[in-house]
Amino acid sequence: MDATFFDRPAATVAAALIGHGLLVDGVGGVIVETEAYDRTDPASHSFAGPTRRNASMFGPPGRAYVYRSYGLHWCLNLVCETGSAVLLRAIEPTMGLETMRARRGLDAQRLLCAGPGRLAQALGIDLSHDGLRLDRAPFAWGAPQGPVTVAATTRIGISRGVEVPWRFLVPGSPYLSRPLPRAKPGAGPAG
DNA sequence: CGCATGATGCACT
DNA sequence: GTGCATCATGCGT
């Protein structure tokens, strides 16, 4: 998981990351949901150009971009090509479950890392991680354990760029922030 | 289960 | 002053 992995379009990286393991100080699991944001994307923090907050997005690929969301949550992004990044939205928790439960308070395992804010809280992410290299401690990566099924859908929690299918996920995973949207009636197999 | 709403900080205009 | 790349809770069905 060197810098060349991240030096590609964010959507490419976001899809490729599904199924990889991610640990922060030994705590984490398997990535099951991501979103891509890039320079041409009105929903992206980088859309209006470099600012103090998004400085990491315009730095070298393979670093973390951390920002505060709605005043109370932290969100962890992985910087890709200049001005683009992948938002980590959900992880299947496998390592350091006790630590995650302690950080999040009593919680079902299903909800430990189901959502960008929850994920960041469970992994102990805050502003001190902004700009850190992803190829060294506290970050550690693992290759997918087997074949991975990836679905692409539209993104969540944004008001612009709503139609771009840059949310990537494992369709059947119970650890998603939200399940795969149901297909329109009549548009798919009967059932 | 679904929708509505309050919490709460800061970058940006 | 405004608007969020969110989460937990409360109420109605």
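Model, not experiment: these values are computed from the prediction. Only heavy atoms go into these numbers, but all of them, side chains included; no hydrogens, no water, no symmetry mates. Chain letters run A, B, ... following the sequence lines, proteins first, then strands; residues in each count from 1.
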How does each nucleotide of nucleotides 6-13 of chain C score, in 5' to 3' order, for protein heavy atoms under 4.0 Å: base (B), sugar-phosphate only (S), or none (-)?
BSS-----
Residues sharing A/F47's hydrophobic cluster, by side-chain heavy-atom contacts under 4.5 Å among ILVMFWY, directly or via others?
none
Apart from A/L72 itself, members of its ILVMFWY cluster (side-chain separation under 4.5 Å) are A/Y70
Show which side-chain atoms of residues 10-28 of chain A pair as donor or acceptor with protein atoms under 3.5 Å away, not counting sequence neighbours.
from: A/H20; atom 1: ND1; to: A/A16; atom 2: O; distance (Å): 3.0
from: A/H20; atom 1: ND1; to: A/L17; atom 2: O; distance (Å): 3.4

With sequence neighbours excluded, tell me which residues meet salt bridge (Lys or Arg N to Asp or Glu O under 4.0 Å) with A/R167.
A/E33
Suppose the criterion is salt bridge (charged side-chain N to carboxylate O under 4.0 Å, His left out): which pairs have a residue in residues 65-74 of chain A, not counting sequence neighbours?
none
Which pairs pass salt bridge (charged side-chain N to carboxylate O under 4.0 Å, His left out) with one or both residues in residues 37-48 of chain A, sequence neighbours excluded?
A/D41-A/R155
Of all pairs that satisfy side chain to side chain donor-acceptor pair (under 3.5 Å), the ones with a partner from residues 55-65 of chain A, not counting sequence neighbours
A/H45-A/Y65, A/S56-A/D130
When the distance from CG of A/N54 to P of C/dG3 is rounded to whole Å, what number comes out?
20 Å
Rounded to the nearest Å, what distance is computed from the CZ atom of residue A/R155 to the C1' atom of nucleotide C/dC4?
15 Å
Would a single hydrophobic cluster contain both A/F5 and A/V148, if residues Ile, Leu, Val, Met, Phe, Trp and Tyr are joined by side-chain heavy-atom contacts under 4.5 Å?
yes
According to side-chain hydrogen bond (donor to acceptor under 3.5 Å, both in side chains), who are the partners of A/R101, at least two apart in sequence or on a separate chain?
A/E98
For the side chain of A/R53, counting heavy atoms from C-beta on, which of C/dC4, C/dA5, B/dA11 is nearest?
B/dA11
In residues 31-50 of chain A, which ones come under 4.0 Å of DNA chain C, going by heavy atoms?
A/Y37, A/A43, A/H45
Under a 3.5 Å cut-off on both pairing distances, which runs of 3 or more consecutive Watson-Crick or G-U pairs involve DNA chain B?
B:1-7 with C:6-12, B:9-12 with C:1-4
Show me the donor-acceptor pairs within less than 3.5 Å that the side chains of residues 121-128 of chain A make with the rest of the protein, sequence neighbours left out.
from: A/Q121; atom 1: OE1; to: A/R104; atom 2: NH1; distance (Å): 2.6
from: A/Q121; atom 1: NE2; to: A/R103; atom 2: O; distance (Å): 3.3
from: A/D126; atom 1: OD1; to: A/S128; atom 2: N; distance (Å): 2.8
from: A/D126; atom 1: OD1; to: A/S128; atom 2: OG; distance (Å): 2.5

